[in-house]
**Q** 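Would you mind keeping the following structure in view while I ask a few things?
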Amino acid sequence: VQLQASGGGLVQPGGSLRLSCAASGSIFSINRMGWYRQAPGKQRELVADITSGGTTNYADSVKGRFTISRDNAKNTVYLQMNSLKPEDTAVYYCKAIVRTTLFSRSEYTYWGQGTQVTVSS
C-alpha cells in the first residue's frame with residue numbers, strides 16, 4: 001500500500017491550501033485516514049482524522065480553520081486549510097489504517113512521504 005500526498009507549498013498568512021493524499025495498492029477497506037504534521041524540533045502531532053463513516057476529529061489549534069474530508073471510492077483524503085498561520089508551517093504527513101484483504105481482519109498503518117507547508121510573508 002502506498003500513500004501519495006500532494007498540495008503543499010508556500011502561502012502567505014491568512015491564505016489557503018488544499019492537501020490531497022491518495023492510497024493505492026492492496027486495499028480491501030480503509031478505516032481511519034488522517035493528517036499529521038511535524039515542525040522542526042517538534043514531535044509529530046495529529047492535525048485531523050476521519051473515519052470511513054465520516055466522523056472527524058481535529059486538533060484544537062486547527063478547529064474552525066481546517067476541514068478534513070475523504071472520497072472512499074477514490075481512497076483519498078483531503079485537508080482544506082484556511083486562515084493559515086506561520087505556526088502551521090510543518091511537513092504534513094497522511095496516514096491510513098488499512099485492511100488489505102477480505103480474508104483477514106488485520107489492519108495496518110501506512111504513512112505518506114510528507115509534503116511541506118510553509119506559511120510566511
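Reckoned from all heavy atoms, side chains included, excluding hydrogens, waters and symmetry mates.
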**Q** Show the numbers, then the answer: is there a side chain to side chain contact (heavy atoms under 4.5 Å, CB included) between Tyr92 and Val47?
**A** CA-CA 9 Å; Tyr92 283 69; Val47 177; 4.0 Å; yes

**Q** Can you name the nearest heavy-atom pair linking Gly7 to Leu17, along with the distance?
**A** O-CD2, 3.9 Å

**Q** Does a donor on one side chain sit under 3.5 Å from an acceptor on the other, for Ser6 and Gln4?
**A** no

**Q** Keeping Gln113 on the side-chain end and Ala5 on the backbone end, is there a donor-acceptor pair under 3.5 Å?
**A** yes

**Q** Can you give the donor-acceptor pairs under 3.5 Å from side chains of residues 51-62 to other protein atoms, not counting sequence neighbours?
**A**
from: Thr51; atom 1: OG1; to: Gly53; atom 2: N; distance (Å): 3.3
from: Thr51; atom 1: OG1; to: Gly54; atom 2: N; distance (Å): 3.3
from: Thr51; atom 1: OG1; to: Thr55; atom 2: N; distance (Å): 3.0
from: Tyr58; atom 1: OH; to: Ile68; atom 2: N; distance (Å): 2.9
from: Asp60; atom 1: OD1; to: Lys63; atom 2: NZ; distance (Å): 3.1
from: Ser61; atom 1: OG; to: Arg37; atom 2: NH2; distance (Å): 3.4

**Q** Quick one, Met81 with Val11, criterion side chain to side chain contact (heavy atoms under 4.5 Å, CB included). Give me CA distance, side-chain angles, the key distance, then yes/no.
**A** CA-CA 11 Å; Met81 304 185 293; Val11 64; over 6 Å; no

**Q** Determine which pairs satisfy salt bridge (charged side-chain N to carboxylate O under 4.0 Å, His left out) with at least one residue from residues 97-121, sequence neighbours left out, and list them in order.
**A** none

**Q** Mind jotting down which residue pairs meet the salt bridge (charged side-chain N to carboxylate O under 4.0 Å, His left out) criterion with at least one end in residues 25-36? Sequence neighbours excluded, please.
**A** Arg32-Asp49

**Q** Taking side chain as C-beta onward, heavy atoms only, is Tyr110 less than 4.5 Å from Thr100?
**A** yes

**Q** Tell me which one of Asn75, Leu79, Leu3, Thr115 satisfies side chain to side chain contact (heavy atoms under 4.5 Å, CB included) with Cys21.
**A** Leu3

**Q** How far does CG of Asp71 sit from OH of Tyr78, to the nearest 0.5 angstrom?
**A** 5.0 Å

**Q** Any side-chain to backbone donor/acceptor pair from Thr76 onto Lys74? Under 3.5 Å, distance only.
**A** yes

**Q** How close do Ser121 and Pro13 get, heavy atom to heavy atom, and via which atoms?
**A** N-CD, 3.7 Å

**Q** For the hydrophobic clusters of this structure (ILVMFWY residues joined by side-chain heavy atoms under 4.5 Å, transitively), does one cluster hold both Trp35 and Val117?
**A** yes

**Q** Out of curiosity, Asn72 CG to Ile50 CD1, how far, rounded to the nearest 0.5 Å?
**A** 8.0 Å

**Q** For side chain to side chain contact (heavy atoms under 4.5 Å, CB included), just list the numbers for Met33 and Cys94, CA-CA rounded to whole Å, side-chain angles, deciding distance to a tenth of an Å, and then say yes or no.
**A** CA-CA 7 Å; Met33 301 185 81; Cys94 58; over 6 Å; no

**Q** What about Val77 and Ile27, same hydrophobic cluster or not, with Ile/Leu/Val/Met/Phe/Trp/Tyr joined at side-chain heavy-atom distances under 4.5 Å?
**A** yes

**Q** Students often mix this up, so state it plainly: with edges at 30° and 60°, are the rings of Trp111 and Tyr36 parallel, tilted or perpendicular?
**A** perpendicular

**Q** Please give me the minimum heavy-atom distance between Val98 and Ser26, naming the atom from each residue.
**A** CG1-O, 4.3 Å

**Q** Establish whether Val1 and Ile97 are linked, either directly or via other cluster members, by ILVMFWY side-chain heavy-atom contacts under 4.5 Å.
**A** no

**Q** Give the intermediate values and the outcome of side chain to side chain contact (heavy atoms under 4.5 Å, CB included) for residues Val119 and Glu87.
**A** CA-CA 8 Å; Val119 185; Glu87 50 264 43; over 6 Å; no

**Q** CG of Leu10 to CD of Gln116: how many Å apart, nearest 0.5 Å?
**A** 9.5 Å

